[in-house]
Trainee: 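Have a look at the structure that comes next, please.
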Amino acid sequence: MSTIKPEDFFKNIISHCKEYGFIFQSSEIYDGLSAVYDYGQMGAELKKNIRDYWWKAMVQIHENIVGIDAAIFMHPTTWKASGHVDAFNDPLIDNKDSKKRYRADVLIEEHVAKIEDKINKEVEKAAKRFENFDADMFRSTNARVKEYQDKIDSINIRFKMALNANNLDEVKQIILDLEIVCPISGTKNWTDVRQFNLMFNTSTGAVTDESNIIYLRPETAQGIFVNYLNVQKTGRMKLPFGIAQTGKAFRNEIVARQFIFRMREFEQMEMQFFVKPGTEMDWYEYWKKARLNWHLSLGLGAEKYRYHDHLKLAHYANAACDIEHQFPFGFKELEGIHSRTDFDLKQHQEFSGKKLQYFDSETNESYVPYVVETSVGLDRLFLSVLASSLKEEALEGGDSRTVLNLPPALAPYKAAVFPLVKKDGLPELAESIMKDLKFDFMVAYDEKDTVGKRYRRQDAIGTPFCITVDHQSLEDKTVTIRHRDTMKQDRVAIADLHKILTEKTSINSLLRAL
RNA sequence: GCGAAAGUAGCUCAAUUGGUAGAGCUCCAGCCUUCCAAGCUGGAGGUUGCGGGUUCGAGACCCGUCUUUCGCUCCA
């Protein structure tokens, strides 16, 4: 594997995902949809197991954290309050020569500002010439100034109409008509104006108009903030407490790439921890450590993780860091831990007019809690687990095998049951073992091809144990159990299988180690 | 979005200067087989990503388009 270039290794991962039913490109028969992927029969199991482990680690073993499942659709005002509407609705235009991107509205506004400068200069000049100078009178009477002002007004009216009509061609035409040039290249070689909406939108009701536009949430966090009071009151939650949820979020990324690392539709697993103001930095540090521990518990290798503290903070945060993972294409963000202050709850208080406070019976005061957020991308986590597990292993005798060293608790199948040969009653016994185990474990059954081939097939999808029924099994009720990572076999009693699998493959063992 | 590379069976890849789309693996049905992908027989699977064009003839050449990867750019 050392000879494989990272780029090729990444390609191997992608084709392995397809070949063994982990991930398919969305709508592949129609040439696919850019940056959207589907999870296949193996991927769905692996993803579900990762999600379950997270949920148990965050919700189930913390008495002061509860889980919710908020809708993807939210009241449009939510996104005004959160700041998403204002920050990500820009019409953008590129200069083809300098390759620089500008906000079209800013270009036009700057052009208008230049004309205003000219007016101001005229006014200044006139002020020097005349005594008892009346600036307002001058502005409304001077022919040259009036000409400038008319120009500004007509640009503004035209621009406003174009924006309201969402007519981006007209916006471009304005830029061309005004002969605005790129400050860097000095040319007028512009692309079309495009609206880069971070948020996808659709509409409710049968009639589409501005008033019933509804967004697909670009982050899941707001579903928790708007439910803060509901949960706190009905759950009788006391600070500090957390609300967790997993769910889909949607971002219309300009550039969405690197397989499932950056998708337009993705799944977040996040927890908002509400704390007393002033204690947030302690909790921030606490969750930073706790979340890294969780990642380390997967056993993919401690050297693959690192913190990345944010120096530049978002407007809502007073501390932020990423837990980065070493993907095949370098260290990239896997999870974010943010101290979000009381920004979100305060914004929702303001926009909704509803108080979102906590009454602290110890100090007899009400306040808006501070929030520490942990937010991890499930798809990225999936990729990190898969990429770190996939190995091309050299065996004795020059042979090699492809093996997926998944943490057993996350593996799609916990075990596969094989009859050593397809006769002499071995298949019947093997099937009865499988039928007994399947109520508690995902178990595969295979009798096709040589047993060695079947072992390799299970290696490739990460099944940690293969149970083989041989002739001895018929006599003494024992089977061999073969370990994926070592390829070693033990002979065990059929009656003990259940206990062994529980011990080695349950999520509990990971949870207890946290 | 710009630039580069690529797209042929489920996978990995062939197909001579433009001349009948093929192999290995996989998969399926059997046979054989007492533990790590390697035996035998038969079978399935393709409008060469898609759409145009040039040509007597295009998987190959040209144009467009879609998708993917890489670099830049962007990124709460």
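Every value quoted in this text rests on a predicted model; they were computed, and no experiment measured them. Throughout, a chain's letter reflects where its sequence line sits, starting with A, and its residues are numbered from 1. These numbers come from the heavy atoms of this one structure, side chains and all, not from hydrogens, waters or symmetry mates.
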Trainee: Between A:Arg291 and A:Trp294, is NZ or CZ placed under 6.0 angstrom from the six-membered ring centre and within 45° of the ring axis?
Mentor: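 Judged by the rule, A:Arg291 and A:Trp294 form a cation-pi pair.
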
Trainee: For B:rA23, give the paired nucleotide (Watson-Crick: N1-N3 plus N6-O4 or O6-N4; G-U: N1-O2 and O6-N3; both under 3.5 Å), or none.
Mentor: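 Because both required distances fall under 3.5 Å, B:rA23 counts as paired with B:rU12.
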
Trainee: Roughly how many Å apart are B:rG59 and B:rU8, using the P atom of each and rounding to a whole number?
Mentor: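 The answer is 15 Å between these two P atoms.
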
Trainee: Look at the side chain of A:Val421 and decide which nucleotide, out of B:rC35, B:rU69, B:rU34, has an atom nearest to it.
Mentor: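 It is B:rU34.
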
Trainee: In terms of relative ring orientation, are A:His348 and A:Phe225 parallel, tilted or perpendicular, with 30° and 60° separating the classes?
Mentor: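 It falls in the tilted class, 30° to 60°.
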
Trainee: Side-chain N or O of A:Ser34 less than 4.0 angstrom from OP1 or OP2 on B:rU68?
Mentor: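 Indeed, a polar side-chain atom of A:Ser34 lies that close.
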
Trainee: Both distances below 3.5 Å, Watson-Crick or wobble geometry, any strand: find the nucleotide opposite B:rG59.
Mentor: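 Base partner found: none.
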
Trainee: Once the angle between the rings of A:Phe22 and A:Phe382 is folded into 0 to 90°, is it parallel (under 30°), tilted (30 to 60°) or perpendicular (over 60°)?
Mentor: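 Rings of A:Phe22 and A:Phe382: perpendicular, as their planes differ by over 60°.
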
Trainee: Can a side chain N or O of A:Lys18 be found less than 4.0 Å away from OP1 or OP2 on B:rC11?
Mentor: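 Indeed, a polar side-chain atom of A:Lys18 lies that close.
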
Trainee: For B:rC27, does OP1 or OP2 lie under 4.0 Å from any side-chain N or O of A:Arg457?
Mentor: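 Checking A:Arg457 against B:rC27: at least one side-chain N or O falls below 4.0 Å of OP1 or OP2.
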
Trainee: Given B:rC70, B:rC11, B:rC36, identify the nucleotide with an atom nearest to the side chain of A:Glu19.
Mentor: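 Nearest listed nucleotide: B:rC11.
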
Trainee: Given B:rA38, is OP1 or OP2 found less than 4.0 Å from the side-chain N or O atoms of A:Thr450?
Mentor: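 Yes, because at least one side-chain N or O of A:Thr450 sits under 4.0 Å from OP1 or OP2 of B:rA38.
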
Trainee: Given atom CD1 of A:Ile23 and atom C1' of B:rU67, what is their separation to the nearest angstrom?
Mentor: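 To the nearest whole Å, that distance equals 17 Å.
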
Trainee: Suppose you measure atom C1' in B:rU41 against the same atom in B:rU65; what distance do you get, rounded to whole Å?
Mentor: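 Pairwise C1' distance, B:rU41 against B:rU65, rounds to 46 Å.
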
Trainee: Give me the one residue out of A:Lys488, A:Gln489, A:Gln472 that meets side-chain hydrogen bond (donor to acceptor under 3.5 Å, both in side chains) with A:Thr480.
Mentor: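 Considering A:Lys488, A:Gln489, A:Gln472, a side-chain hydrogen bond (donor to acceptor under 3.5 Å, both in side chains) with A:Thr480 is found only for A:Gln489.
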
Trainee: Say we look at B:rU12 and B:rU17: how far apart would their P atoms be, to the nearest angstrom?
Mentor: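 Those two atoms are separated by 26 Å.
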
Trainee: Considering only side-chain heavy atoms of A:Lys448, which listed nucleotide, B:rU69, B:rC75, B:rA29, is closest?
Mentor: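 Minimum distance to the A:Lys448 side chain belongs to B:rA29.
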
Trainee: Among the candidates B:rC35, B:rC27, B:rC70, find the nucleotide nearest to the side-chain atoms of A:Tyr455.
Mentor: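 Shortest atom-to-atom distance from the side chain points to B:rC35.
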
Trainee: If you check the A:Val451 side chain, which of B:rA76, B:rC35, B:rU69 turns out closest?
Mentor: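 In terms of side-chain proximity for A:Val451, the closest of B:rA76, B:rC35, B:rU69 is B:rC35.
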
Trainee: Counting only side-chain heavy atoms from C-beta out, which of B:rU69, B:rC75, B:rC35 sits nearest to A:Phe10?
Mentor: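 When the side chain of A:Phe10 is considered, B:rU69 is the closest of B:rU69, B:rC75, B:rC35.
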
Trainee: For B:rU34, give its Watson-Crick or G-U wobble partner with both distances under 3.5 Å, or none.
Mentor: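 Matched B:rU34 with nothing under the 3.5 Å cut-off.
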
Trainee: Where the side chain of A:His84 is defined as all heavy atoms beyond and including C-beta, which of B:rC35, B:rA76, B:rC36 is the nearest nucleotide?
Mentor: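 So the side chain of A:His84 is nearest to B:rA76.
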
Trainee: Could you check which nucleotide pairs with B:rG3 in any of the strands shown, counting Watson-Crick or G-U wobble with both distances under 3.5 Å?
Mentor: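 Paired with B:rG3, as far as the under-3.5 Å criterion goes, is B:rC70.
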
Trainee: Just compare B:rU68, B:rC28, B:rC35 and give me whichever is closest to any side-chain atom of A:Tyr37.
Mentor: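 Between B:rU68, B:rC28, B:rC35, the one nearest the side chain of A:Tyr37 would be B:rU68.
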
Trainee: When you check the phosphate oxygens OP1 and OP2 of B:rU68, does a side-chain N or O of A:Gln25 lie under 4.0 Å from one of them?
Mentor: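 A:Gln25 to B:rU68 OP1/OP2: side-chain N or O found under 4.0 Å.
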
Trainee: If I take atom CZ in residue A:Phe418 and atom P in nucleotide B:rU34, what distance separates them, rounded to the nearest angstrom?
Mentor: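 About 18 Å, once rounded to whole Å.
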
Trainee: Determine the interplanar angle of the A:Phe241 and A:Tyr228 rings, folded into 0 to 90°, and report it as parallel if under 30°, tilted if 30 to 60°, perpendicular if over 60°.
Mentor: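 Judged by the thresholds at 30° and 60°, the geometry between A:Phe241 and A:Tyr228 is parallel.
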
Trainee: What I want to check is whether an N or O donor and acceptor connect the side chain of A:Arg454 with the base of B:rC36 at under 3.5 Å.
Mentor: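 No, the side chain and the base share no sub-3.5 Å donor-acceptor pair.
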
Trainee: Partner lookup for B:rU41, please. Criteria are Watson-Crick or G-U wobble with both distances under 3.5 angstrom; report none if nothing qualifies.
Mentor: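 Because both required distances fall under 3.5 Å, B:rU41 counts as paired with B:rA29.
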
Trainee: Counting side-chain heavy atoms from CB outward, which of B:rC70, B:rU26, B:rU33 is closest to A:Lys453?
Mentor: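 The listed nucleotide nearest to A:Lys453's side chain is B:rU26.
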
Trainee: Which nucleotide sits closest to the side chain of A:Gln489: B:rC36, B:rU68, B:rU33?
Mentor: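 Per side-chain heavy atoms of A:Gln489, the pick is B:rC36.
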
Trainee: Is the shortest distance from a Lys or Arg side-chain nitrogen in A:Arg491 or A:Asp470 to a carboxylate oxygen in the other one below 4.0 Å?
Mentor: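 Counted as a salt bridge, because a side-chain N and a carboxylate O are separated by less than 4.0 Å.
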
Trainee: Should A:Lys423 be listed as having a side-chain N or O under 4.0 Å from OP1 or OP2 of B:rU33?
Mentor: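 Checking B:rU33 against A:Lys423, a side-chain N or O does come within under 4.0 Å of OP1 or OP2.
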
